[in-house]
Amino acid sequence: MKYLIKSPEGAIRASVQLPASKSISNRALILNALSYSPYDIQNLSDCDDTEVMVRALNSDSRDFDIKAAGTAMRFLTAFLSKIVGEWTITGTERMKNRPIKLLVDALNSLGARIEYIEKEGYPPLRIFGSALQGGEISLAGGVSSQYISALLMVAPLMENGLILNLEGNIISRPYIDLTLQLMEQFGVKATWNGQTIRILPQEYKPIRFTVESDWSAASYWYSIMALSKNAEIELLGLFKNSLQGDAAGAKLFAQLGVGTVFTDRGVRLKHTGNVTKKLLYNFVNEPDLAQTFVVCCVLLNIPFRFTGLQSLKIKETDRIEALKTELRKLGYLLTDSNDSILEWNGERCEPEMDPVIATYEDHRMAMAFAPAALILPQGLKIAEPEVVTKSYPAYWEDLKQAGFDITEI
């Protein structure tokens with residue numbers, strides 16, 4: 001399936017009920033289960049990643065297929081390693097090629113017993129759940145924060161707790177902070193001094209919990225605001241003092257001419273006219289915003305140099321290569337280096353006559369490129385648009401409500 005997306009004919013007027021935060025939803029589900037809570041979590045995300053987590057936690061099966069949900073793969077691997085029984089966990093072909101060895105090695109060193117069913121270092125896994133001893137381990141701080149969060153959430157239930165030493169540069173720190181803050185809301189305290197996180201043996205306490213709206217999803221609407229000449233956009237359910245690291249996107253979009261006004265309903269976006277000549281930013285703490293800013297900057301003709309992108313190569317696809325490939329179709333030549341830097345200094349090439357943006361089974365590729373329809377006179381064709389269900393199932397409907405013309409072709 002493909003969509004042809006065309007710009008609204010008139011001004012954009014949108015009041016958008018954003019999806020609930022996937023990052024918070026998936027952590028809260030694990031913590032809710034570990035606390036044996038009698039309460040259902042309110043305002044859970046309805047995205048694919050959260051639905052597979054809900055199904056797994058409510059299932060009587062011993063075999064789990066989490067499809068393309070990387071968060072569910074990491075979190076459930078740690079969770080199941082302490083639940084007595086024999087379990088298997090698998091996913092899509094892409095998931096079977098996403099590394100998990102670091103997490104498995106760490107869990108096995110803490111008393112778990114996890115085996116690879118097919119390829120060494122990758123799902124699917126066979127997990128023999130039992131009590132975890134815990135202890136002290138070291139882990140590179142430059143790995144996916146989901147590995148670290150997975151370990152932290154089960155740490156208080158280890159017999160000796162956990163001392164986790166993070167070595168080198170720590171990436172995606174706000175996601176680790178988010179995990180620790182949510183754990184504290186469920187009654188567990190941790191200490192983080194320097195590079196070391198300590199969690200003593202403790203019990204989680206059941207609480208009533210409501211999930212806030214998703215700042216990652218908000219970024220696409222900020223991009224639409226930056227690229228539009230005439231728009232009024234309100235985003236509901238966002239909070240100024242958010243637990244989410246991607247809330248930093250609001251300050252960064254200020255450099256692209258988008259101001260943020262917080263209200264009692266969420267935020268209202270406004271044009272400020274203050275646009276930087278070149279955008280330099282380290283995305284080590286907000287890697288999920290990188291695609292949005294790459295696409296938005298080239299369409300605004302703003303050169304950029306983005307660093308801290310090392311985790312992009314192990315996401316749903318190699319996002320650095322995917323961005324270079326798809327933007328070349330639109331006439332933009334990006335360069336990358338050190339597996340962590342992506343930049344554009346205004347280099348152009350001949351665009352394809354009838355480009356179709358490939359999405360690589362990656363929801364953020366589809367959502368980051370869709371606002372390009374505001375700039376391209378012929379509109380934009382996007383392949384496999386249904387990938388947005390991974391985190392924002394109502395994305396296309398929300399764009400239609402805002403006046404975009406979206407046709408299946």
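Only a predicted model underlies this, so the values are computations on that prediction, with no experimental measurement involved.
- A 4.5 Å side-chain heavy-atom check between Leu380 and Leu330 finds at least one atom pair inside the cut-off.
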| task | Go through the steps to decide whether Lys381 and Asp354 satisfy the test salt bridge (Lys or Arg N to Asp or Glu O under 4.0 Å), and finish with yes or no. | result | CA-CA 8 Å; Lys381 293 177 181 177; Asp354 188 24; 2.9 Å; yes
| message | Before you tell me yes or no, could you show the steps for Asp65 and Thr90 under side chain to side chain donor-acceptor pair (under 3.5 Å), namely the whole-Å CA-CA distance, both residues' side-chain angles and the distance that decides it to 0.1 Å? | response | CA-CA 5 Å; Asp65 182 352; Thr90 189; 5.5 Å; no
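- In terms of heavy-atom proximity, Ala78 sits nearest to Val154 at O-CG1, 3.7 Å.
- Under the 3.5 Å distance criterion, the side-chain polar atoms of Ser213 are left unmatched by any main-chain donor or acceptor of Gln17.
- Residues Ser7 and Leu374 approach most closely at OG-CD2, 3.4 Å, considering heavy atoms.
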| message | Go through it in stages, so that I can follow the logic: the residues are Ser149 and Thr179, the test is side chain to side chain donor-acceptor pair (under 3.5 Å), and I'd like the CA-CA distance, side-chain angles, deciding distance and then a yes or no. | response | CA-CA 6 Å; Ser149 291; Thr179 301; 2.6 Å; yes
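- Leu125 pairs in a side-chain contact (heavy atoms from CB on, under 4.5 Å) with only one of the listed residues (Leu80, Thr88, Ile100, Leu103), which is Ile100.
- Each of Ser21, Ser216, Ser23, Ser219 was scored for a side chain to side chain donor-acceptor pair (under 3.5 Å) with Asp246, with one residue passing: Ser216.
- Note that CZ of Arg208 and CD of Gln185 are 15.0 Å apart. Values are rounded to the nearest 0.5 Å.
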| said: Run Leu139 and Leu151 through side chain to side chain contact (heavy atoms under 4.5 Å, CB included) and show every step you take. | reply: CA-CA 11 Å; Leu139 206 62; Leu151 291 168; 3.9 Å; yes
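- Residues Leu132 and Leu157 are not in side-chain contact: their nearest non-hydrogen atoms beyond the backbone lie 4.5 Å or more apart.
- Proximity of Trp344 to Leu327: side-chain heavy atoms (C-beta onward) are nowhere separated by under 4.5 Å.
- Inspection of the Thr92 and Glu361 side chains reveals no N or O donor paired with an N or O acceptor under 3.5 Å.
- Checking Thr196 against Asn165 by side-chain atom types alone, a donor-acceptor pair falls below 3.5 Å.
- No side-chain donor-acceptor contact under 3.5 Å links Ser59 to the backbone of Ala56.
- Using a distance-only test at 3.5 Å, with no hydrogens or angles considered, a donor-acceptor pair links the side chain of Thr276 to the main chain of Lys278.
- With rounding to the nearest 0.5 Å, the separation of CD1 in Ile148 from CG in Leu164 is 6.5 Å.
- Taking the six-membered ring for Trp and the full ring otherwise, the centers of Phe253 and Phe293 sit less than 6.0 Å from each other.
- Checked for salt-bridge contact, Glu232 and Arg13 meet the test: a charged N lies under 4.0 Å from a carboxylate O.
- Between the side chain of Trp221 and the main chain of Ile224, no donor-acceptor pair closer than 3.5 Å is present.
- With hydrogens and angles ignored, the 3.5 Å screen pairs no side-chain donor or acceptor of His271 with any backbone N or O of Asn230.
- Checking Thr307, Leu334, Leu312 one by one against Leu342, the side-chain contact (heavy atoms from CB on, under 4.5 Å) holds for a single residue, Leu334.
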| field | Steps toward side chain to side chain contact (heavy atoms under 4.5 Å, CB included) verdict (Gln195, Glu167) | value | CA-CA 7 Å; Gln195 302 279 109; Glu167 299 177 335; 5.7 Å; no
| task | Would you check, one step at a time, whether the test side chain to side chain donor-acceptor pair (under 3.5 Å) holds for Glu234 with Ser15? | result | CA-CA 5 Å; Glu234 180 186 34; Ser15 182; 2.9 Å; yes
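- Using a distance-only test at 3.5 Å, with no hydrogens or angles considered, no donor-acceptor pair links the side chain of Tyr222 to the main chain of Leu256.
- Lys390 places a side-chain N or O within donor-acceptor distance of the main-chain N or O of Ala68, the cut-off being under 3.5 Å.
- In this structure, Pro385 and Met1 have side chains that are in contact, with non-hydrogen atoms separated by less than 4.5 Å.
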| task | Kindly indicate, with the supporting measurements, whether the criterion side chain to side chain contact (heavy atoms under 4.5 Å, CB included) is fulfilled by Val52 and Phe64. | result | CA-CA 9 Å; Val52 298; Phe64 304 105; over 6 Å; no
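- Looking at Asp49, Asp48, Asp46 one by one, the single match for side chain to side chain donor-acceptor pair (under 3.5 Å) with Thr389 turns out to be Asp48.
- The shortest side-chain heavy-atom distance between Ile320 and Ile341 does not fall under the 4.5 Å cut-off.
- Checking side-chain atoms of Glu159 against main-chain N and O of Ala131 turns up no donor-acceptor pair under 3.5 Å.
- Among the candidates Phe404, Trp396, Phe369, the single residue satisfying the ring-ring contact (aromatic ring centres under 6.0 Å, His included) test with Tyr3 is Trp396.
- Judged purely by atom type and a 3.5 angstrom limit, Thr263 uses its side chain to pair as donor or acceptor with the backbone of Gly266.
- Rounded to the nearest 0.5 angstrom, Leu289 CG and Cys296 SG are separated by 12.0 Å.
- Considering only heavy atoms from C-beta on, Lys96 comes within 4.5 Å of Pro124 through its side chain.
- In this structure a side-chain-to-backbone donor-acceptor pair under 3.5 Å is present from Gln202 to Leu200.
- You'll find the side chain of Arg173 reaches within 4.5 Å of the side chain of Trp192, heavy atoms only.
- Using cut-offs of 30° and 60° for the angle between ring planes, the Tyr395 and Tyr220 rings count as perpendicular.
- Side-chain contact annotation: Tyr281 with Gln255, donor-acceptor N/O pair under 3.5 Å absent.
- To the nearest 0.5 angstrom, Asn301 atom CG is 6.5 Å from Arg348 atom CZ.
- For Asn43 and Thr210, the side-chain atoms include no donor-acceptor pair closer than 3.5 Å.
- Nearest heavy-atom pair, Leu299 versus Leu227, reported as atom, atom and distance to 0.1 Å: CB-CD2, 3.7 Å.
- Residues Lys2 and Glu408 are not paired through a salt bridge, judged by the lack of any N-O separation under 4.0 Å between the basic side chain and the carboxylate.
- Of all heavy-atom pairs spanning Ile176 and Leu152, the tightest one is CG2-CD1, 3.8 Å.
- Remark: Arg364 engages Asp288 in a salt bridge, criterion side-chain N to carboxylate O under 4.0 Å.
- Taken to the nearest 0.5 Å, the CD1 atom of Ile137 stands 5.5 Å off from the CG atom of Leu162.
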| task | Report the C-alpha distance between Phe304 and Val294 in whole Å, list the side-chain angles of each, state the deciding distance to 0.1 Å, and finish with yes or no for side chain to side chain contact (heavy atoms under 4.5 Å, CB included). | result | CA-CA 8 Å; Phe304 64 81; Val294 166; 3.9 Å; yes
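- How far OG1 of Thr359 is from CE of Met367: 11.0 Å, rounded to the nearest 0.5 Å.
- Proximity of Ile163 to Arg198: side-chain heavy atoms (C-beta onward) are separated by under 4.5 Å at one or more points.
- The minimum heavy-atom distance linking Ala358 with Met365 is given by the pair O-CE, 4.1 Å.
- Of all heavy-atom pairs between Ala72 and Met53, the closest is CA-CE, 3.9 Å.
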